Every structure is written in C-alpha cells, then in structure tokens.
J.: 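One structure, pasted below without further comment.
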Amino acid sequence: MARRERDSLKRSLFKIDRLRRRLLRWYDQNKRDLPWRGSHDPYAIWVSEIMLQQTRVAAVVERYQVFLKRFPSLMSLALAKEDEVLALWSGLGYYRRARMLHKAAQFVAQNYYGSLPKKSEELRELPGIGEYTAAAIASIAHGEPVAVVDGNVERVLSRLAGWDESAKLRRRIGELAALMVDPERPGDFNQAMMELGAMVCLPRSPRCTECPVAIDCNTRGEHKTQKRAPMKSVAIAHALSVRTSVRKSERDRGGREVLLEHRPTTECIMPGMWELPQLIEAEVPSEELRMTVRHAIMQTNYYVRIRTVFEDDVARLTLAKGERRWVAFGEAREMALTGLARKVLTRAHLLSTAPLDMIAPAREEDLI
DNA sequence: CAGACGTGGAA
DNA sequence: TTTCCAAGTCT
C-alpha cells in the first residue's frame with residue numbers, strides 16, 4: 001500500500017475503531033450457532049479450520065461433529081491409522097487436507113508433547129497450515145492479534161476500500177486487514193469479517209441494507225470476479241457388483257458384499273481411496289443400467305452410468321487398476337470411499353445403518 | 001505464480 | 001440444465 005494511503009488510513013483510525021465496534025456488535029448479535037464456536041480447544045479449532053477450507057459450512061457441520069467424537073483429542077488423532085482418518089473425511093473432498101492434518105497431529109505428538117504451538121508463526125510450519133489457517137487458530141484460540149485473509153475478507157475489504165481486481169490486490173488487502181484487526185478481540189474480529197462475507201457481503205447480490213458497516217463502504221457491492229475455465233462433460237461408467245458373502249460367518253448374518261477397488265496410491269486424484277470398479281465400455285445396455293448420476297469434480301461434469309454386473313462377468317467387463325475386495329455393506333460404510341462411490345452406494349440403499357434384514361431393496365432384481 | 005486438488009447445493 | 005462457488009495449501 002502506498003505511503004500516502006497508509007498515512008491516510010492512520011489519520012482515519014477513529015473510523016477504523018468505529019468500524020470494529022459496529023462489526024463486532026453485529027457479530028455478537030447475529031453470529032450463527034456453529035459447533036466450533038465458543039470452543040477454546042486449539043485442536044478443535046484447528047480441525048474446524050482445515051475442514052472449512054474451500055468447503056461450505058453446511059457441509060462441514062455434521063462431519064465436524066462426527067470427526068471430533070471419534071478423535072476428541074490431538075493424541076487420539078495422532079494414534080489413528082490414516083485409513084480411518086480418510087474414512088471420516090470421505091465425501092468432503094480435498095483429501096490431502098486429511099492426510100496433512102493426520103501427519104501434523106503425529107508431528108505435534110512427537111515434538112510438542114501433543115500440544116499445538118501457540119504462535120501463528122510456528123503453526124505455519126505444520127503441514128496443511130498456511131497463512132490463513134495459522135492466523136485463524138492463533139487469533140481464535142490464543143487471542144494473537146493477527147488478521148486472517150480468506151475469500152470473504154478479500155471480498156469485504158475490496159468493497160469497503162473500493163479497490164477493484166488488480167495485481168498486488170492480495171498484498172494490499174493483507175496490509176489493510178492487519179491494520180484493521182481488533183487487538184482486543186482479534187479472533188472475534190476475524191470471524192466477524194468472515195461471517196459478514198458469508199451472510200451479508202455476498203459475492204452476488206450483497207445485502208447492503210443489512211450491512212453494519214455500509215456507512216464506511218466505498219462501493220455499493222460491485223465486485224469483479226475472475227473468469228473461470230468452462231466446465232467439461234465426460235461420460236463414464238462403473239460396475240455395481242453385489243454377491244452373497246462366501247464367508248460362512250458373514251452369510252449367517254445375511255451378509256451381502258459389494259466389490260470395491262482401491263485407487264493406486266500413485267493416482268494424483270484421490271489416491272488410496274476406494275471406489276466402484278470402472279467399466280471398460282461407457283455404453284451400458286439399458287436392461288443392465290442400474291442408475292445414472294452426475295458427479296462434478298473440479299471443472300468436469302461426469303455423467304456416470306452405473307451398471308449391475310454379475311460376479312462372473314466382472315473380469316470381462318471392468319478395468320482393474322488396483323487391489324479389489326469384496327466388502328460387506330456395513331464395512332464399506334466405514335471405508336475411505338470416494339464421494340462418487342459413497343453417493344452411488346447410498347442411493348442404492350447399500351450403506352444403510354438399519355439391520356441387515358431391513359436393508360432395501362426388498363426385490364432381488366434391484367440388486368443384481 | 002499458475003494449476004491442481006473434490007464436493008454438493010444454490011442460483 | 002449448467003454454472004458458480006466455499007473459512008486454502010502446496011508445488
């Protein structure tokens with residue numbers, strides 16, 4: 001930021017103070033009641049911040065509670081196997097987050113006696129913790145007066161300052177945020193900025209009439225966004241192969257199994273996750289078509305055909321890239337499935353938590 | 001510094 | 001229906 005600009009902002013500190021007070025008052029009165037709010041456990045805050053990276057609050061809420069119930073402490077997470085951590089992350093996406101969270105927990109267990117470092121500078125050293133997350137944890141858990149800059153803050157400050165999209169914007173935003181963060185309540189201030197971005201200062205159609213700091217705003221909500229690559233469409237097909245377990249112990253429980261395939265750990269996307277075997281032909285005879293789903297990954301819409309395949313036909317019809325396993329339905333539910341596999345099995349009622357004899361479909365022809 | 005990395009739900 | 005995006009990080 002130019003010297004003149006900074007001096008001007010310093011002369012206007014009374015304005016910044018006013019903005020802080022308005023923002024925090026609004027936050028105190030309007031903040032959503034989220035599971036991680038009010039927790040002072042740095043570990044719990046850490047987990048929430050990692051889960052929230054590029055992921056909507058609504059998608060995180062339930063997963064966060066399940067995760068914390070299974071791994072209530074950093075040590076319990078550090079002691080877990082990666083497969084189980086990934087299983088709890090299944091469907092959330094960006095699985096590298098889960099791996100790095102796990103790795104970092106093990107590192108902290110080894111080198112910090114299980115307690116996260118307090119300073120943002122030290123947090124920054126841990127895998128998966130970047131500028132944003134380090135500042136978020138340090139300010140929320142320990143009151144360190146550092147500002148966070150996420151997508152919300154970037155948008156809110158761009159509009160407040162009246163800056164448009166340009167080079168170096170990111171750096172100027174960071175400097176402005178650092179100047180503005182409330183040294184008395186940095187954690188609340190940071191969350192308030194993000195809450196404002198999420199609830200009021202929306203990317204499209206901002207609710208300026210509800211904005212507590214509209215009086216300080218230099219724009220009326222205009223905000224340019226970057227152009228994005230166009231979506232692609234790809235047709236693929238997967239096999240849904242179900243059999244009655246050959247293991248007597250499973251059969252006695254009425255156990256049925258689905259065939260899953262392990263994605264090679266060398267895959268760049270979702271390595272080590274479990275999915276349904278891929279069919280060689282994307283075309284599927286209509287009488288064998290079990291369901292169709294659309295599944296978007298990154299910039300691609302996958303139009304997915306799910307075909308039922310008899311065990312005897314699996315080798316002929318599918319392309320094997322990794323280890324395969326017949327897995328009892330109840331077991332599959334606890335595995336690190338890809339989002340697509342979880343979606344398909346859920347829609348086929350194969351992951352039900354109901355007793356096995358209650359599992360739909362009642363009609364045999366629905367299954368095979 | 002681009003580009004890669006997942007997903008479901010809103011518009 | 002298709003697009004757009006959400007509390008980023010790593011390479």
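To find a chain, count down the sequence lines: A is the first, B the second, and so on, and within it residues start at 1. Note that the coordinates shown come from a computational prediction; the quantities given were computed from them, not determined experimentally. As a basis for the values below, the full set of heavy atoms in this structure was taken, side chains included, without hydrogen atoms, waters or symmetry mates.
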J.: Applying a 4.0 Å non-hydrogen cut-off, can you work out what A:Pro127 is touching in the nucleic acid: base, sugar-phosphate, or nothing?
T.: sugar-phosphate
J.: Closest to the A:Met270 side chain: B:dG9, C:dC10, B:dG6?
T.: B:dG6
J.: Using a strict threshold of under 4.0 Å (side-chain N to carboxylate O), is an ion pair present between A:Arg305 and A:Glu283?
T.: no
J.: Select base, sugar-phosphate, or nothing to describe what A:Gln191 touches, counting heavy atoms under 4.0 Å on all strands.
T.: nothing
J.: NA contact type, A:Asn190, heavy-atom cut-off 4.0 Å: base, sugar-phosphate, or nothing?
T.: nothing
J.: Between atom NE2 in A:His295 and atom C1' in B:dC5, what is the gap in whole Å?
T.: 13 Å
J.: Side chain of A:Thr55, base of B:dG6: donor and acceptor closer than 3.5 Å?
T.: yes
J.: Using a cut-off of 6.0 Å, state whether more than 12 heavy atoms not belonging to A:Glu323 lie near its atom CD.
T.: yes
J.: Checking all strands, does A:Gly91 fall into the base, sugar-phosphate, or nothing category for heavy-atom contacts under 4.0 angstrom?
T.: sugar-phosphate
J.: Of the nucleotides B:dC5, C:dG8, C:dT3, which has the atom closest to the A:Asp150 side chain?
T.: C:dG8
J.: Write down the distance between CZ (A:Arg342) and C1' (B:dG6), rounded to a whole number of angstrom.
T.: 14 Å
J.: Please state how far atom CE in A:Met51 lies from atom C1' in B:dG6, giving the value in whole angstrom units.
T.: 14 Å
J.: Taking A:Arg20 for the side chain and A:Pro183 for the main chain, is one N or O donor matched with an acceptor at less than 3.5 Å?
T.: no
J.: Ignoring backbone atoms, establish whether A:Tyr303 has a side-chain N or O less than 4.0 Å from OP1 or OP2 of C:dT2.
T.: yes
J.: May I ask you to check whether over 12 heavy atoms, not counting those of A:Gln29, lie within 6.0 Å of atom CD?
T.: yes
J.: Would you mind listing every salt bridge (Lys or Arg N to Asp or Glu O under 4.0 Å) that reaches into residues 112-129 of chain A, with sequence neighbours excluded?
T.: A:Arg124-A:Glu131
J.: Between C:dT9 and B:dG8, how many Å separate the two P atoms, rounded to a whole number?
T.: 23 Å
J.: Whole angstrom is fine here: how far is it from CH2 in A:Trp89 over to C1' in B:dC5?
T.: 14 Å
J.: A:Arg155 or A:Arg124: which one's nearest nucleotide on DNA chain C is closer to the 5' end?
T.: A:Arg155
J.: In whole angstroms, how far is the P atom of B:dT7 from the CE atom of A:Met298?
T.: 10 Å
J.: Ignoring backbone atoms, establish whether A:Lys343 has a side-chain N or O less than 4.0 Å from OP1 or OP2 of B:dT7.
T.: no
J.: Touch check for A:Ser205, heavy atoms < 4.0 angstrom, all strands: base, sugar-phosphate only, or nothing?
T.: nothing
J.: What contact category does A:Ala296 fall into here, base, sugar-phosphate, or nothing, at under 4.0 angstrom with non-hydrogen atoms?
T.: base
J.: Nearest-Å distance, CD1 (A:Ile269) to P (B:dA4)?
T.: 11 Å
J.: Which nucleotide sits closest to the side chain of A:Ile297: C:dT3, C:dG8, B:dT7?
T.: B:dT7
J.: Counting heavy atoms not belonging to A:Glu287, are there more than 12 under 6.0 Å from its CD?
T.: yes
J.: CD of A:Glu49 versus P of C:dT9: gap in Å, rounded?
T.: 9 Å
J.: Give A:Arg263 one of three labels, base, sugar-phosphate or nothing, depending on what nucleic acid heavy atoms sit under 4.0 Å from its own.
T.: nothing
J.: Heavy atoms only, 4.0 Å cut-off, all strands: where does A:Arg37 land among base, sugar-phosphate and nothing?
T.: base
J.: Tell me, which of residues 92-105 of chain A have any heavy atom that sits under 4.0 Å from an atom in DNA chain C?
T.: A:Arg96, A:Met100
J.: Just to confirm, is there a sub-4.0 Å distance from OP1 or OP2 of B:dG6 to any side-chain nitrogen or oxygen of A:Thr338?
T.: no
J.: Please give, in whole Å, the distance from B:dT7 C1' to A:Gln53 CD?
T.: 15 Å
J.: If you measure only the distance, is there a donor-acceptor pair under 3.5 Å linking the side chains of A:Tyr132 and A:Gln53?
T.: no
J.: Indicate yes or no: does A:Asp28 engage A:Arg25 in a salt bridge with an N to O separation below 4.0 Å.
T.: no
J.: Is there a donor-acceptor contact under 3.5 Å from the side chain of A:Glu195 to the main chain of A:Arg32?
T.: yes
J.: With nearest nucleotides of DNA chain C determined for A:Arg56 and A:Gly130 from heavy-atom distances, which residue corresponds to the more 5′ nucleotide?
T.: A:Arg56
